[in-house]
Amino acid sequence: MDSSIAVERSEGRSRHGRLLAKVATSGGALVCVGAYLVLLLLLISTKPLWLDELIQLQATSGTSFRQLLQHVIQNAGGAPLGYVVQHWFLSVLGTNSASARLPSVLAGAGSLGIFLLMHRRLALRGCILATGLWIICPMTFRYSLEGRPYMQAMLLAMLAVLAQVRLRETCKASWAILLAACLIATVYSQPYAVFGILGFAACDTWQHRDLKYLTLTCGAYALAGVAFLPWLLTAQAGWVGSISHTHGGFQWNLPLAAVLFRECVGDGYFAAVPTALLGVYGAHVCIRRTRHDPRTPLVAAIVSSIVFALLADARFNYFFAIRQVFYMVPFLLLLVAEGAATLWERRHRSLTIVLVMAFAVASVTKNYHHLADHNEDWDRLSGALIKGVDGGCILLPGGESEVIAAIYGSFRPEISGRLCTSWLAARVIMPVHSYTDPAGALLTADELSARGMVRVSAERIGFARVETFERH
């Protein structure tokens, strides 16, 4: 590291700050990770499973390995490792929401530990603040409690960053092999997760201009690419077919930029604005110095996460979702903490407090509302369908897939025997929820009306509306 950077940090850090840093990088870090794990375990079943979790659960519970892989292939951009891990947890612990989410909970707590190690290895400041940012960040909090593979991919991607740093320090083939293993596990968990660490590696190798380091790094990435190629060739046709059945596509426009900014940490403008201000300032602090500053690759990781995700979406005409750039969040939070620590040391303490508190209040509020929102409750909706059918039958709106019918059946198996098989029933109930295609629901209602049926009631059940039709 440049000596001027070391001098500046040494002079700016108070004795109290050094004590806090020491605590944060030793036993205190373990306490934080343990406390975070306990918190996540206490909250693991607070919310009902939502649609994407239930769809994954359909693939990972009570299915053969072949059936599981076939499901993943039909999931656009899907990779098998996250599903396999959840399948194993369910087979050992049984099928329930806690078992489905436990891999993400463990990965979330582990990711916090790796995040703190990254903070230390990259010689960053504001460790305690960075820890707090990670714990309350709405996006990391949400995906740590969601039965999807995103947090597992995050953990593996962050391990790859640590392996990259150790490879740079040692230039040993053993670390290159470990890096390749982390990359393979990452891309087989979620392909988009590799974009950020690719940018980190490219910037880091450019900074050091060491031929051996570059060769080992390129070899690790080449090995990971070759290892992923069989799955890519196998799944690509299924991905394209799945994308063709989704509503909407990819567009380069201002709303895309607005979504990317607003949801950069998962909580709208109130958290995005302080994140952007502190993150940009932290990036400025990193890149204005010598090209050997170990913090500079953080900026490259954020840029590559965004750019490659958007290019991939554009290539396959796939709609953009903020989860696709979720893997930039550790790098962004590290820059936010660095920016806040620098502002504080330069006596802009009132501004630092205002920005950090704005982020904290917005994030905690978002997390509370997220946990308190139980509107999407498929168990409750399934129960309402059985209760309301009353001698009639259940008609799913046009466009609803067999997956939705299977989800209803997973909560109330008797539903499969109450689905409408003809237009002769005297009573029909139709569930219309937030995922229902409005055009399909309208066409189905019109078809019922054309066959002499009249809508007699519509009951709101959380995120859904159960409409009842009777023949007159």
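Within the 4.5 Å cutoff, side-chain heavy atoms of D373 are placed close to those of K47. Side-chain contact between L232 and W239 is present, with at least one heavy-atom pair separated by less than 4.5 Å. Considering only heavy atoms from C-beta on, T365 comes within 4.5 Å of H369 through its side chain. Counting only heavy atoms from C-beta outward, the side chains of L69 and R66 never approach each other to under 4.5 Å. With a 4.5 Å cut-off on side-chain heavy atoms, V161 and R121 do not count as touching. Between W134 and P330, some side-chain heavy-atom pair lies under the 4.5 Å cut-off. Within the 4.5 Å cutoff, no side-chain heavy atoms of Y150 are placed close to those of Y192. At least one side-chain heavy atom of L335 sits less than 4.5 Å from a side-chain heavy atom of C286.
Heavy-atom minimum distance, A340 versus L129: CB-CD2, 3.4 Å. Counting all heavy atoms, side chain and backbone alike, V72 lies closest to G78 at CG1-C, 3.6 Å. Residue A271 comes nearest to F359 through the heavy atom pair O-CD1, 3.8 Å, listed as atom of the first residue, atom of the second, then distance. Heavy-atom minimum distance, E53 versus G147: OE2-N, 2.6 Å. A130 approaches H119 most closely through the heavy-atom pair CB-CD2, 3.9 Å. A pairwise comparison of heavy atoms in P138 and G266 identifies CB-O, 3.7 Å as the closest pair.
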(request) Could you go through the side-chain contact (heavy atoms from CB on, under 4.5 Å) check for L159 and C182 one step at a time? (result) CA-CA 7 Å; L159 284 171; C182 291; 4.0 Å; yes
(request) Using the side-chain contact (heavy atoms from CB on, under 4.5 Å) rule, take V336 and V265 through it: C-alpha gap first, then chi angles, then the decisive distance, then the call. (result) CA-CA 11 Å; V336 168; V265 288; over 6 Å; no
(request) Evaluate side-chain contact (heavy atoms from CB on, under 4.5 Å) for V325 paired with I322, printing each intermediate quantity in order. (result) CA-CA 6 Å; V325 296; I322 198 64; 3.7 Å; yes
(request) Please assess T140 against S111 for the test side-chain contact (heavy atoms from CB on, under 4.5 Å), listing each intermediate value before the final yes or no. (result) CA-CA 9 Å; T140 56; S111 294; over 6 Å; no
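Note: I44 CD1 to R101 CZ = 7.5 Å, rounded to the nearest 0.5 Å. Between I394 atom CD1 and R412 atom CZ the span is 11.0 Å, to the nearest 0.5 Å. Remark: L162 CG to L179 CG distance equals 11.0 Å, nearest 0.5 Å. Atom CG of residue D437 and atom CG of residue L443 lie 8.5 Å apart, to the nearest 0.5 angstrom. Of the inter-residue distances, the one linking H370 atom NE2 with L43 atom CG reads 10.0 Å to the nearest 0.5 angstrom. Interatomic distance, CG of L37 versus CG of L106, reported as 6.5 Å (0.5 Å rounding).
Just one residue in the list I55, D379, L381, I415 forms a side-chain contact (heavy atoms from CB on, under 4.5 Å) with I407, and that residue is I55.
Using cut-offs of 30° and 60° on the angle between ring planes, the pair Y281 and H284 is tilted.
Pairs passing the side chain to side chain donor-acceptor pair (under 3.5 Å) check and including a residue from residues 214-234, sequence neighbours excluded, read Q164-T217. Applying the ring-ring contact (aromatic ring centres under 6.0 Å, His included) test to residues at least two apart or on different chains, the pairs with a partner in residues 298-338 are Y143-F326, F195-F308. For residues 309-323, there are no salt bridge (Lys or Arg N to Asp or Glu O under 4.0 Å) pairs, not counting sequence neighbours.
Between the side chain of Q67 and the main chain of S64, a donor-acceptor pair closer than 3.5 Å is present. Looking at S242, its side chain never comes within 3.5 Å of a backbone N or O of G238 through a donor-acceptor pair. Formation of a donor-acceptor pair under 3.5 Å by the T444 side chain with backbone atoms of G398 is found in this model. In this structure a side-chain-to-backbone donor-acceptor pair under 3.5 Å is present from D377 to R380. At least one donor-acceptor pair under 3.5 Å links the side chain of Q207 to the backbone N or O of D293. Side-chain atoms of R209 come within 3.5 Å of backbone N or O of W206 as a donor-acceptor pair. Distance alone, capped at 3.5 Å, is enough to place a donor-acceptor pair between the H208 side chain and the D204 backbone. Distance alone, capped at 3.5 Å, is enough to place a donor-acceptor pair between the T205 side chain and the A202 backbone. S363 places no side-chain N or O within 3.5 Å of a backbone atom of A360 that could act as its donor or acceptor partner. For H87 (side chain) and S61 (main-chain N/O), no donor-acceptor pair under 3.5 Å exists by modelled atom type.
For the residue pair E169 and W175, no side-chain donor N or O sits within less than 3.5 Å of a side-chain acceptor on the partner. At a cut-off of 3.5 Å, with distance as the only test, no side-chain donor of S104 or R148 sits close to an acceptor on the other residue. A donor-acceptor pair shorter than 3.5 Å can be found between the side chains of Y435 and E376. Side chains of S99 and N96: a donor-acceptor N/O pair is present below 3.5 angstrom, by distance only.
By the neighbour-count criterion of 12 heavy atoms within 6.0 Å, atom CG of L254 is sparsely surrounded, having that number or fewer from other residues, nucleotides or ligands. Residue F261 places its CZ atom among more than 12 non-hydrogen atoms of other residues, nucleotides or ligands, all under 6.0 Å distant.
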